[in-house]
Amino acid sequence: MPELPEVETVRRQLEPLMVGRRLASVSIRDSRLTRPLDPHAVEAALTGCTVGSVNRRGKYLVFDLDGVNWLAHLRMTGAFLTTSTGTFDDSRHLRAVVQLDDGAGVGYRDVRRFGTWAVLTDQELDYIFTTHLGPEPLSDAFDQAWLSVRFARSGARVKAALLDQTTAAGVGNIYADEALWQAGVHPARAAGSLDDSEIVALVAAVRGALTKGIERQGATLRDYRAPDGASGAMQDEFAVYGREGEPCNRCSGLVTKIRVAGRGTWFCPSCQPTSVRS
DNA sequence: CAAGGACCCTGTTTGC
DNA sequence: TGCAAACAGGGTCCTT
């Protein structure tokens, strides 16, 4: 589900409600949520801790509880929801509930149950991030030099390369398609076939798509909601995602849907031509 | 190294 | 209308 802009929106909403608060109680209702960790051990580790900061790395949320790291990944349908009263009107698919010391509640809903929670040491957290995640795409580390190195001589399709979290942490299916359209690059091109100007355009396009997504507070297609229940607005501004058969915003082409890297992929065949070199 | 599929799950949409 | 297959924003693992 949520990609970087959605997770960042969640982070920004949770931050003011949770920082400085003590976790009065933690109830994990679905033992799959913490697999392979024992849910009771996770409850015990979190209960009583005070939230120092709410951070994001790629699509992960990281709650810093004074040395205890609480990691959450929402995967496809995970969602945090907040309530000032501590109770939830709709408890369907509620997999965990955290009560804060001011009476507010933080719930975790996940229809498909792919999301995961973990409690990790600093060393474990560092290991996961350095081995599984590349640079933050909105940081200076994500630049032409980095993408050139990553793509050099790669025969992988450029969309697959963008979805690889070690290329840029947090890019998912939606923003990959939007960025490739913005850069005018066909999603099935070999990553190694992009020239310097295309790499530069793609770096800017990834940044631009994610920044716009954050400004619009994410995209709500099916399940995604911000913790306060609000929908995002980014879906209203998609150039290609989900717009099969509709006219391209930039040329006379029609948005086309194909399958790349096992995922639904939308692009404009007219302004995202297949390279002669790919 | 890359591609494709299975798998982890449930709900909704599509197609016959 | 009814039913079953296909599909969904993620990520990992295994085989080819």
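Computation of the quantities below employed the complete heavy-atom set of this structure, encompassing side-chain atoms and omitting hydrogens, waters and symmetry-equivalent molecules. Proteins get letters first, then strands, A, B, ... in listed order; numbering begins at 1 in each.
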| Can you check whether A/Gly58's main-chain N or O pairs, donor with acceptor, with A/Arg56's side chain at less than 3.5 Å? |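 Present.
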| Does A/Ala239 offer a backbone N or O that forms a donor-acceptor pair with the side chain of A/Glu178 under 3.5 Å? |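 Confirmed, A/Glu178 side chain pairs with A/Ala239 backbone.
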| said: For A/Asp140, I'd like to know if atom CG has over 12 heavy atoms of other residues, nucleotides or ligands within 6.0 Å. | reply: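 No, because the 6.0 Å sphere around CG of A/Asp140 holds 12 heavy atoms or fewer from other groups.
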| task | Would you please classify the geometry between the A/Tyr60 ring and the A/His73 ring as parallel, tilted or perpendicular, with 30° and 60° separating the classes? | result |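 Ring orientation, 0 to 90° scale: perpendicular.
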| task | Anything under 30° is parallel, anything over 60° is perpendicular, the rest tilted; go ahead and classify A/Trp117 against A/Phe80. | result |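 Parallel: the ring planes of A/Trp117 and A/Phe80 meet at under 30°.
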Quickly work out the [X] [atom1] to [N] [atom2] distance and round it to whole Å.
X: A/Arg92; N: B/dT12; atom1: CZ; atom2: C1'; answer: 13 Å
X: A/Leu210; N: C/dG9; atom1: CG; atom2: C1'; answer: 13 Å
X: A/Arg95; N: B/dC8; atom1: CZ; atom2: P; answer: 16 Å
X: A/Leu74; N: B/dT10; atom1: CG; atom2: P; answer: 18 Å
X: A/Arg112; N: C/dG11; atom1: CZ; atom2: P; answer: 13 Å
X: A/Ile258; N: B/dA3; atom1: CD1; atom2: P; answer: 13 Å
X: A/Tyr60; N: C/dG9; atom1: OH; atom2: P; answer: 19 Å
X: A/Arg109; N: B/dT10; atom1: CZ; atom2: P; answer: 16 Å

If I pick the [atom1] atom on [M] and the same atom on [N], what distance separates them, to the nearest angstrom?
N: B/dG5; M: C/dA6; atom1: P; result: 13 Å
N: B/dT13; M: C/dG9; atom1: C1'; result: 16 Å
N: B/dG4; M: C/dC7; atom1: P; result: 15 Å
N: B/dC8; M: C/dC3; atom1: C1'; result: 26 Å

Any base atoms under 4.0 Å from [X], or only sugar-phosphate, or nothing? Heavy atoms, all strands.
X: A/Arg35; result: sugar-phosphate
X: A/Tyr241; result: sugar-phosphate
X: A/Gly262; result: nothing

| Taking atom types as modelled, is there a side-chain donor on A/Arg250 or A/Ser270 under 3.5 Å from an acceptor on the other? |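 Result is no, nothing qualifies.
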| said: According to a cutoff of under 5.5 Å between the ring centres and under 30° between the ring planes, does A/Phe114 stack with the base of C/dG11? | reply: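 Per 5.5 Å and 30° rule: no stacking.
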| task | Strictly below 4.0 Å, heavy-atom distances to any atom of DNA chain B: list the hits from residues 148-166 of chain A, or just say none. | result |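 Listed by number, they are A/Ser154, A/Gly155, A/Ala156, A/Arg157.
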| According to a strict under-4.0 Å criterion, is A/His73 in side-chain N/O contact with OP1 or OP2 of C/dG11? |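 The answer is yes; a side-chain N or O of A/His73 sits under 4.0 Å from OP1 or OP2.
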| query | If only side-chain N and O atoms of A/Arg75 are considered, is one of them under 4.0 Å from the OP1 or OP2 phosphate oxygen of C/dG11? | reply |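 For A/Arg75, the contact criterion (side-chain N or O under 4.0 Å from OP1 or OP2 of C/dG11) is not met.
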| task | Kindly compute the distance separating CZ (A/Arg11) from CG (A/Leu61), expressed to the nearest 0.5 Å. | result |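 Reported value, rounded in 0.5 Å steps: 8.5 Å.
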| query | Any Lys/Arg nitrogen of A/Lys59 or A/Glu3 sitting under 4.0 Å from an Asp/Glu carboxylate oxygen of the other? | reply |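 Not counted as a salt bridge, because no side-chain N and carboxylate O are separated by less than 4.0 Å.
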| Secondary-structure stems, DNA chain B, at least 3 Watson-Crick or G-U base pairs under 3.5 Å |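 DNA chain B stems, ordered by first number: B:2-8 with C:10-16, B:10-16 with C:2-8.
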| said: So if I take every side-chain heavy atom of A/Trp266 and compare against C/dA8, C/dG11, B/dT10, which nucleotide ends up nearest? | reply: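 The answer is C/dA8.
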| task | Go through the N and O atoms of the side chain of A/Arg263 and the base of C/dA8, and report whether any donor-acceptor pair is under 3.5 Å. | result |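 A donor-acceptor contact between them is absent.
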| Shared ILVMFWY cluster between A/Leu100 and A/Val68, side chains joined below 4.5 angstrom? |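 Linked, A/Leu100 and A/Val68 end up in one cluster.
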| said: If the condition is salt bridge (Lys or Arg N to Asp or Glu O under 4.0 Å), which residues does A/Arg207 pass it with, not counting sequence neighbours? | reply: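 None.
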